[in-house]
Amino acid sequence: MDYRPSEIEPKWRTYWKEHKTYAVHTEHSKPKYYVLDMFPYPSGAGLHVGHPLGYIASDILSRYKRLRGFNVLHPMGFDAFGLPAEQYAIDNGIHPADSTRENIARYKQQLDNLGLSYDWDREVQTCDPKYYRWTQWIFLQMFNHWYDTAADKARPVSELVEYFKINGSAGVQAATTFEGSFTAAEWNSMTVREQQDVLMNFRLMYRKVGYVNWCEALGTVLANDEVINGVSERGGHPVEIKPMLQWSMRITAYADRLLRGLDTVDYPDGLRMLQSNWIGRSEGAQVFFDLENTGKKLEIYTTRPDTIFGATFMVLAPEHDLVDEITTEAQRGDIKNYLDWVKSRTERERQIEKVVSGAFTGAHAIHPFTGAKIPVFISEYVLKGYGTGAIMGVPADDERDLRFAEKFKLPVVHIVDKSMYPGAGMEDKVGKMINSDFLNGMEVLEAIQEVINRLSEKGIGKRRVQYKLRDANYSRQRYWGEPFPIIYDSEGIAHALPENELPLELPHTTEFKPGGGKGPLAQLSHWANLPGGMERDTDTMPGFAGSSWYFLRYMDPKNDQEFVSAEAIGYWQDVDFYIGGAEHAVGHLLYSRMWHKFLYDKGLVMTEEPFKKVVNQGMIGGKSNFVFRANERFFEEYLMIKVLQPFFAEEGPIKIAQTDLEEDSTYDFAFGANDLVIEVTSIKQVDKIERVRKTAAADNKRLLLLYNEELSDNINEPELVAQKIRRALNSRDNFIATSETPRSEQLFVSCSLTGKYSPDVFTKLHVDVNLVDNEVLDLEKALSRTQFRNANFKIDKEHGSIYLCSTELEKMSKRYANVVNPDDMVALYGADCFRMYEMFLGPIEVSKPWDTKGITGVSGFLKKFWQLFFNGELFIVSDDPATKDELRVLHNCIKKVTEDIERFSMNTCVSHFMIATNDLRKLNCSKRAVLEPLTVLLAPFGPHIAEELWSRLGHSGSVCDATWPEWNEDYLKSDTKEYPVQINGKLRATIELPSDITHADAEAAALSLEQVQRWLEGKQPKKVVFVPGRMINLVV
RNA sequence: GCGGGAAUGGCGGAAUGGUAGACGCGCUGGUCUCAAACACCAGUGACUUCACGGUCAUGCGAGUUCGAGUCUCGCUUCCCGCACCA
């Protein structure tokens, strides 16, 4: 029988569902393997062929691991809270819960269509209260913990309180935003409110006034990674910096562990680098400068303390706390003007036009070693958020400082002699110190150590490690997210809801617009205001909250006592293989690593890192197709080129008017030896037609009107127009125009013909790629689309009367009409074929374009593979023993496929299947001994066809429970080998030799070859390189 | 500007330092067919030669090696991150 995927595939999908083939349970007798796809956000657009790339690859790996005896966890779920659904609700009035539910249903149906082996009983959705109950719970755990930098782990806040009672703040080593100190007595005499304010600065989830990315258009605060080039990632709206009281996640406490952990995991180099840069560790020194006449100290951070003798000015960030205090009366005007200017600049302007700007505060700092007075400036090139928000300006050793010094005419003191290091840049840490007192003569690296020692001795500075990483903003003024399980009392103190009140469910509303800097929840006063003057937090958690721990929930998704049971986490441990797009490199992957480390500190998970191995899949680009719409001007050119040429000879030269839009007195064409003139125009240009008609009458000319629309209707028969012109020439009529109403509204010209016309007579438009096959537009299908209503097509007759489109590679997107839906591919070729073709396109990690036409190759392969089992309707698999050749084909395939899956090279696996199938066809092999192992081998790639053939081979269970075949090297050897014979490394001959030939015999055999002798020209080779099983090289 | 990655036929892509271009698409020719589609067979890097064959070919230029797409150095182009991080 024929291979009919549309019949066998639904059958097996039903079988899997009914038999719960993919249900996973804790089985201690088997080793575990956890394969995870990055959490999809179920967008309204559904899946296109780019999305399943990773899902298919991970599915193949899962099925393979299962066949190799692993207990494989391969779950799927949805990151279901988020902005798009809420934006959709604002725009269309559909509640996010409803649109999300629909989108998820569509996603699941599309995923199932691909035969993916998910255990749907483990599905999680972040917007499900049963799930976000535990997101809230983890939030509260973080709220109730602080980070002890001495122990290098999170500890309960209650322990910190005990410590404060006895010791005050002395000796506490913590990741904290608290500044200052207190004694035990001071602590004990503080009010509750004061104590809570202190503690808030230690919590891992804490509230602070932060400078946040405020987006007016979206009405919300955005995380750093949601802001691209100063505008919002979604929508591209402008973003400004604004102070706001927000929840913050103290990820900086884990900066060092997040950095060090990267050495223990198997991530792509690019990803590792990205995270490492994002964390941005730098070593340097914190230095205090006295401020003249104020008794105040200015704290700066520098990675180059060695250059301190080159410091000729100081610069504060415009938002620095000291700015107001230290500005002198004389400079107050300047500073105010500058601050106003800075405020007026959007984040985007700041990033794009980097102008050197600043203002003098009038204050001076005192150099700690020389006692010199150093002027203090403010400038936007110093950022409030990094280091201490203040720097020492060393123009001799820093480009930005130099530009600033030049602008403000500040002195430059050279402190590093780089003459020994030609080619070294200004900021390279090499050279000998000069003009630097006790540092003179030292190498830079040595000087850095020395100056830090001196600063420490004087008590005005110390070594400090600084991170670029910022604490993550954790509040969103939005509706569609997890509500905070926090209530505030009348004093504004934050209290955690008791655990038994979780989940705090998101209240229902129909009003989703944010307002006044507050989210929609703030408007639900019945919900937000509690008896006794207590108020709820009305913000919601950010998108990364739910996705930072979902992979743990899959281990134990139904547990209503714990976020995950100790038993489940003990067995499943962590994710062995994680695949997804590189866009999550610094957001999701960093946040979930941090949450995992926190849970690890609590003893709730077993490993410090959540993901052992991460693979980034490449993007699949779209191939856009274009059609060429003819503009008005096209028809004149067309008439000239295709119709009027023959009339030249007969009727004398044809005068062609210039552009006739303005000139009433000229026509498009006029004949030299005939009083006929021709005007080409759209039938819609009634005024113009009337005008030309009058002009012709006045000129005593006979007028032939040709409408663009009528030319368009007959575009593929120019002779008809020629006949019309001929009749007009011979007639006596003064005015000739068609009386019929042309149907055409627009004309499209085949790409292959556009070269004959001026490029500007066409408009290039996207056309749905689903109407195009191999660049040829399906005219019948196209005419049924509104884009081509009443359209005519000028077809290419030379290439078979077809309409050709041009192509370009673009992102796959609805906007470019180049989206290919996997459902359509499955309907046409089957899921197995689609899966294998996705893999066949190329390496998973590489971005590549989708091209549907190549899929026939895979389709052909599956048909051929099927035909190994069938002759017509007859199942022809025999139990005859396999021949040596057949076994070699089989075992070679087992070896290659096994090795290639292990190194995640799925594209070459598909090639190996094709090679094996082609070889077996040539050998006419239909033997069970060969086909049965091959079926198992194929099962991870084409699960439906494998199930069908497996059952035809007489097995009752699923092929998923078969055993992966092992290869035997003995079968791979052949008796002879065709050796290449090289002379000086160039191939000159080949020779068939026994595989186990000795060097001497091989050399003799090679030398005996006629071609070799000809190349040697009688000389003896100087040296003979012989690589057994590889090649022979004669060096002359 | 900084950091990372990539570059191989018309296209997607193969190649533990060892016969470059596997496999597939496309294209050309053939068989089948009234015809087309499907299917099957053969060919397909460029140049050159009647042919045998030869020459040149993995972005460019050097180097290491008996031998380089692969290793080293320099350059070009493209893609992706980051971007006043002190």
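Everything numeric in this text was worked out from a predicted model, so none of it was measured. All chains are named by letter (A, B, ...) in the order of the sequence lines, taking the proteins before the strands, and each is independently numbered beginning at 1.
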> Mind checking A:Asn918 for me? I need base, sugar-phosphate or nothing, with any heavy atom below 4.0 Å counting as a touch.
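It contacts sugar-phosphate atoms only.
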> Side-chain N or O of A:Tyr301 versus OP1/OP2 of B:A86: is the shortest distance under 4.0 Å?
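For A:Tyr301, the contact criterion (side-chain N or O under 4.0 Å from OP1 or OP2 of B:A86) is not met.
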> List every contact pair, protein side and nucleotides 16-18 of chain B side both N or O, where the distance is under 3.5 Å.
from  : atom 1 : to        : atom 2 : distance (Å)
B:U16 : O4     : A:Arg1030 : NE     : 2.7
B:U16 : O4     : A:Arg1030 : NH2    : 2.7

> Whole angstrom is fine here: how far is it from CE in A:Met273 over to C1' in B:G81?
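Between C1' of B:G81 and CE of A:Met273: 11 Å.
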> Rounded to whole Å, please give me the gap between CG in A:Leu316 and C1' in B:A86.
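That distance rounds to 13 Å.
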> Verify the neighbour count for atom NZ of A:Lys623: are there more than 12 heavy atoms of other residues, nucleotides or ligands below 6.0 Å?
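For A:Lys623, atom NZ is crowded (more than 12 foreign heavy atoms under 6.0 Å).
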> Output one letter per nucleotide in nucleotides 41-55 of chain B: B when a protein non-hydrogen atom lies under 4.0 Å from the base, S when only the sugar-phosphate is that close, - when neither is.
-------------SS
> Rounded to whole Å, please give me the gap between CZ in A:Arg304 and P in B:C85.
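Atom-to-atom, A:Arg304 to B:C85, this comes out as 14 Å.
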> When all nucleic acid strands are considered with a 4.0 Å heavy-atom cut-off, which category describes A:Thr388: base, sugar-phosphate, or nothing?
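Nothing, no nucleic acid heavy atom in range.
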> Grab the OH-C1' distance between A:Tyr386 and B:A83 for me, whole Å please.
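My rounded result for the distance is 14 Å.
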> If the threshold is 4.0 Å, N to carboxylate O, is there a salt bridge linking A:Glu899 and A:Lys895?
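Yes.
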> To the nearest Å, give me how far apart CG (A:Leu383) and P (B:C85) are.
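Value for this atom pair: 8 Å.
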> Where the side chain of A:Trp278 is defined as all heavy atoms beyond and including C-beta, which of B:G12, B:A86, B:C82 is the nearest nucleotide?
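Nearest listed nucleotide: B:C82.
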> Please tell me if A:Asn907 has a side-chain N or O lying less than 4.0 Å from either OP1 or OP2 of B:A14.
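Yes, A:Asn907 has a side-chain N/O under 4.0 Å of OP1/OP2 on B:A14.
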> My understanding is that a pair needs two contacts under 3.5 Å, Watson-Crick or G-U wobble. By that rule, which nucleotide pairs with B:G17?
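Partner of B:G17: none.
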> Is there a donor-acceptor pair closer than 3.5 Å between any side-chain N or O of A:Asn818 and the backbone N or O of A:Lys811?
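Confirmed, A:Asn818 side chain pairs with A:Lys811 backbone.
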> Look only at the side chain of A:Arg988 and the backbone of A:Val1012, and say whether a donor-acceptor pair between them is shorter than 3.5 Å.
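No, the answer is negative, given that no donor and acceptor are paired below the 3.5 Å cut-off.
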> In whole angstroms, how far is the C1' atom of B:A86 from the CZ atom of A:Phe377?
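Result: 17 Å.
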> Would you mind checking if A:Glu299 and A:Lys297 are paired as a salt bridge, meaning a charged N to carboxylate O distance below 4.0 Å?
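Looking at A:Glu299 together with A:Lys297, the answer is no, because their closest N to O distance does not fall below 4.0 Å.
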> Stepwise, does the side chain to side chain donor-acceptor pair (under 3.5 Å) test hold for A:Glu992 with A:Thr976?
CA-CA 6 Å; A:Glu992 182 100 1; A:Thr976 61; 2.6 Å; yes
> What does B:A39 pair with, Watson-Crick or G-U, if both distances are under 3.5 Å?
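WC or wobble partner is B:U31.
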> Round to the nearest Å and state the distance from A:Ile391 atom CD1 to B:C85 atom C1'.
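It is 11 Å, rounded to the nearest whole Å.
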> Round to a whole Å and report the spacing from CZ of A:Arg281 to P of B:G3.
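These atoms are roughly 20 Å apart.
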> Under 4.0 angstrom, heavy atoms only, what part of the nucleic acid is A:Asp401 near: base, sugar-phosphate, or nothing?
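It contacts nothing in the nucleic acid.
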> Who is the Watson-Crick or G-U wobble partner of B:A86, with both distances under 3.5 Å?
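B:A86 is unpaired by these criteria.
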> What contact category does A:Lys468 fall into here, base, sugar-phosphate, or nothing, at under 4.0 angstrom with non-hydrogen atoms?
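Result for A:Lys468 = base.
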> B:G81, B:G13, B:C25: which one has an atom nearest the side-chain heavy atoms of A:Leu274?
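Of the options given, the side chain of A:Leu274 lies nearest B:G81.
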> Quick one about A:Thr908 and A:Ser905 (side-chain donor to acceptor, distance below 3.5 Å, no hydrogens or angles considered), yes or no?
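There is such a pair between these side chains.
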> For a quick check of understanding: with a heavy-atom distance under 4.0 Å over all strands, which category does A:Glu978 fall into, base, sugar-phosphate or nothing?
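Answer is base: heavy atoms of A:Glu978 come under 4.0 Å of a base.
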